[in-house]
4 protein chains.
Amino acid sequence: MVSRPHTGRRRNEAARRAVLAATISLLRRSEMKDVTIEAIAREARVGRQTIYRWWPSRAVIVLEAAEDYAEATVPDPGGAATDDLRTFLRATYVGAASDRTAPILRAIAAEALVDTQFADVLHRFTAARRAVLRSILQRHGASPELSEYLSDVTYGLLWYRLLVGHAALDETLADTTAALVVEAIEADREPRLARMPEPGLP
Amino acid sequence: MVSRPHTGRRRNEAARRAVLAATISLLRRSEMKDVTIEAIAREARVGRQTIYRWWPSRAVIVLEAAEDYAEATVPDPGGAATDDLRTFLRATYVGAASDRTAPILRAIAAEALVDTQFADVLHRFTAARRAVLRSILQRHGASPELSEYLSDVTYGLLWYRLLVGHAALDETLADTTAALVVEAIEADREPRLARMPEPGLP
Amino acid sequence: MVSRPHTGRRRNEAARRAVLAATISLLRRSEMKDVTIEAIAREARVGRQTIYRWWPSRAVIVLEAAEDYAEATVPDPGGAATDDLRTFLRATYVGAASDRTAPILRAIAAEALVDTQFADVLHRFTAARRAVLRSILQRHGASPELSEYLSDVTYGLLWYRLLVGHAALDETLADTTAALVVEAIEADREPRLARMPEPGLP
Amino acid sequence: MVSRPHTGRRRNEAARRAVLAATISLLRRSEMKDVTIEAIAREARVGRQTIYRWWPSRAVIVLEAAEDYAEATVPDPGGAATDDLRTFLRATYVGAASDRTAPILRAIAAEALVDTQFADVLHRFTAARRAVLRSILQRHGASPELSEYLSDVTYGLLWYRLLVGHAALDETLADTTAALVVEAIEADREPRLARMPEPGLP
DNA sequence: ACGTAACCGAGACGGTACGTCATGTCTTTCC
DNA sequence: GGAAAGACATGACGTACCGTCTCGGTTACGT
């Protein structure tokens with residue numbers, strides 16, 4: 001006897017999309033603390049149990065919403081443009097800072113700081129981005145170790161301004177950072193001068 | 001006529017300290033989401049109303065606890081050691097990453113991401129740190145604009161690793177960053193080569 | 001088209017009964033001021049929200065508990081026995097004075113005196129009882145107005161002794177009151193003497 | 001050695017009067033449940049501790065306020081008018097029902113139902129009133145036992161309407177009750193007819 | 001006149017109950 | 001068997017009073 005491949009109603013794609021859309025919408029309109037599962041279900045006109053059936057936590061909803069959103073709005077993340085570091089950084093910074101995206105990134109960070117199980121969601125999320133940047137940097141001549149470090153520097157700047165909000169994330173910043181990164185790669189290959197002395201020595 | 005400056009029982013300093021100590025203790029032992037006002041009151045053996053009387057929100061308790069703690073454990077933040085960039089960065093990174101401090105910093109960031117009114121608390125908190133670093137960088141020869149940028153880079157790295165937790169915040173990282181910063185200052189004064197071409201141009 | 005009559009989980013009858021039983025139990029064991037919603041929920045092992053969902057106030061819980069209890073313990077309120085006034089009053093007085101019932105009636109009165117919204121709960125509660133007595137009195141020949149007055153007299157005596165507690169509510173009292181009432185009905189129909197001398201009679 | 005009779009500041013009579021006046025005022029304006037010690041202190045512009053120093057419970061404040069008030073407003077309770085039953089009942093019912101007095105009587109009853117130690121305050125309070133009425137009834141020819149019973153009937157009616165509030169306490173009611181009482185006294189001396197049969201007998 | 005003891009107002013303290021909200025689970029009915 | 005509706009126990013929220021405990025300041029004796 002052939003085992004039945006599936007019984008019962010299939011997952012309702014409309015409900016899934018309604019939940020993710022409601023999450024994005026709430027994320028933009030409200031503070032994170034008001035993006036409750038209750039509110040998402042209300043907004044999406046969906047049963048609360050439907051959410052619990054398909055997503056293990058609010059964090060994961062937010063993440064999936066963010067990925068869904070990223071996929072829809074950044075159609076070509078791995079295109080030819082990424083060959084050029086400056087273009088990549090400009091797109092990255094400006095995209096992250098946009099009113100549509102920033103609240104989502106901030107929400108993900110907030111959850112990660114509050115909830116352990118969501119911390120590695122953020123871990124994976126950022127790791128994917130760093131991996132892309134690392135490969136670009138290596139194509140620009142950076143060693144694996146250096147590209148690791150420099151992608152932390154690059155994304156650190158992004159998240160820091162996102163977090164603190166004291167200064168803009170714009171194309172100028174992207175260009176400055178691109179220059180810094182290129183400079184660092186070159187310096188790593190042919191050191192300019194004597195390094196700094198050890199602390200405590202004259 | 002001067003109205004009476006105070007009537008009635010004075011604020012109990014022991015209760016204040018108990019609340020802050022309980023907050024620090026919970027911050028270290030638990031996830032942020034378990035650091036409820038309820039839990040703080042329980043831990044501090046204090047009436048809940050006493051907390052509401054003196055602190056407007058959980059965020060402010062956490063901040064005050066953090067400041068209280070910083071004051072008690074970092075007795076000399078502006079000492080002679082800060083003359084040396086590398087020493088400063090080592091102390092900053094290692095101190096921030098310590099098991100005692102990291103949870104507090106993370107808690108402050110979490111609140112800032114969730115609560116609008118607390119966001120500028122983080123703003124001021126980080127501004128003070130950047131100001132110190134900026135003055136060090138300027139003593140190392142950086143222009144005001146460059147020191148602004150480089151302190152963002154430096155603290156961005158710190159907060160990024162604090163946030164994502166994918167890599168250590170140690171002395172090696174501090175040294176690498178010190179080198180990057182010094183390199184950037186020098187490059188700003190005597191550019192090494194031709195800059196990168198404009199994107200989109202041949 | 002008739003809209004859907006109900007969706008979702010039904011009200012849990014066990015929870016309802018548990019709340020009412022807990023209320024009766026607390027009413028007997030404690031002073032009224034200790035019969036808090038908190039305590040009822042604890043005693044009934046029921047969520048506090050469940051109580052707020054179904055009852056608008058503590059007063060209404062107590063009323064429903066009392067009615068539920070009255071229904072369970074006075075199984076035949078409209079039976080043949082009530083044809084006889086004396087039997088009805090004996091049952092009413094002795095029942096009200098019993099250790100099981102008196103605390104409940106006193107508790108209801110206490111709340112009514114303290115809380116406006118509970119006052120009309122007592123209003124309805126007592127009105128139902130007076131209505132029964134009124135119909136008995138009318139079967140005994142009393143006019144509507146007189147039966148209204150006499151049922152106030154009869155229940156007034158009951159509540160007064162319940163309130164002050166200076167004398168018993170027993171069968172002797174019931175009999176005396178039955179006699180008083182019958183006397184009053186007869187006197188209303190054929191005045192004993194020249195009360196106010198009828199015009200035209202000697 | 002003779003113990004010192006008193007040292008230190010004397011009790012502030014103004015504060016005492018302010019508390020009692022505030023209590024009477026609140027009793028009239030609010031529900032009993034809003035007459036909190038907090039509210040009394042606020043209204044009287046008096047420290048809360050001053051209340052706790054002199055009065056053991058809210059009930060006692062209410063009682064003292066009531067006595068204070070009665071003394072001030074009912075200068076001659078035992079005048080010649082009490083010779084006449086109807087006049088006495090009219091004054092009693094209308095006085096009790098007045099907007100100034102009813103809230104106070106209700107408050108006393110409420111406390112008596114809730115607080116055991118205050119129950120006999122109500123006991124004594126009502127006993128004094130019944131004693132007056134009893135002596136009037138005996139002057140109208142009632143036996144001691146009958147006058148006991150009839151004064152319960154008379155005051156029962158009063159308190160019942162005060163408690164339930166479903167009907168007025170006015171001069172008509174007083175007259176009707178006076179007639180009922182007179183009728184009962186006469187019937188007790190020369191029974192009209194055969195009494196009712198024992199319940200349960202054929 | 002001066003000490004000192006008790007009173008006064010104000011108000012902080014640890015508690016407890018309030019009524020509301022969101023959580024994650026369970027149940028019912030419809031599709 | 002998926003989905004919407006909605007009841008369930010739980011527990012934190014922020015508020016109001018409770019009764020107690022300081023506080024400075026104010027009387028009003030007794031020396």
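Naming: A, B, ... by sequence-line order, numbering from 1 per chain.
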Strictly below 4.0 Å: does B:W54 bring a side-chain N or O up to OP1 or OP2 of E:dC13?
yes
For F:dT22, take OP1 and OP2 only and decide whether either is under 4.0 Å from a side-chain N or O of B:R9.
yes
Check D:L122 against D:A109 and note the closest heavy-atom contact, atom names and distance.
CD2-CA, 4.4 Å
DNA chain F: 5'-proximal contact among C:N12 and B:G8 (nearest heavy atom)
C:N12
How close or far is atom P of F:dA5 from atom CD1 of A:I51, stated in whole angstroms?
12 Å
What is the distance from CG of A:D34 to P of E:dA22, rounded to the nearest Å?
8 Å
B:R10 CZ - F:dC23 C1' separation (whole Å)
7 Å
Closest non-hydrogen atom pair between A:V60 and A:P56, with its separation
CG2-CG, 3.7 Å
Within this structure, what is the NE2-to-C1' distance between B:H6 and E:dA10, rounded to whole angstrom?
8 Å
Do C:R58 and C:E111 touch side chain to side chain, with heavy atoms closer than 4.5 Å?
yes
Going 5' to 3' along nucleotides 10-15 of chain F, which nucleotides have protein heavy atoms under 4.0 Å from the base (write B), which only from the sugar-phosphate (write S), and which from neither (write -)?
B-BSBB
Could you tell me how far apart D:I40 (CD1) and F:dC17 (C1') are, to the nearest whole angstrom?
12 Å
Heavy-atom nearest pair, A:L113 first then B:M32, reads O-CB, 4.0 Å
For a 4.5 angstrom cut-off between non-hydrogen side-chain atoms, does C:F118 reach C:I108?
yes
What's the CG-C1' distance between D:L26 and F:dC17, to the nearest Å?
14 Å
Quickly work out the C:R53 CZ to E:dA22 C1' distance and round it to whole Å.
13 Å
Gap between atoms NZ and C1', on C:K33 and E:dT16 respectively (whole Å):
13 Å
So side-chain hydrogen bond (donor to acceptor under 3.5 Å, both in side chains) across residues 39-50 of chain B, not counting sequence neighbours, yields B:S25-B:E43, B:R29-B:E43
Under a 4.5 Å cut-off applied to non-hydrogen side-chain atoms, are A:D34 and A:L26 in contact?
no
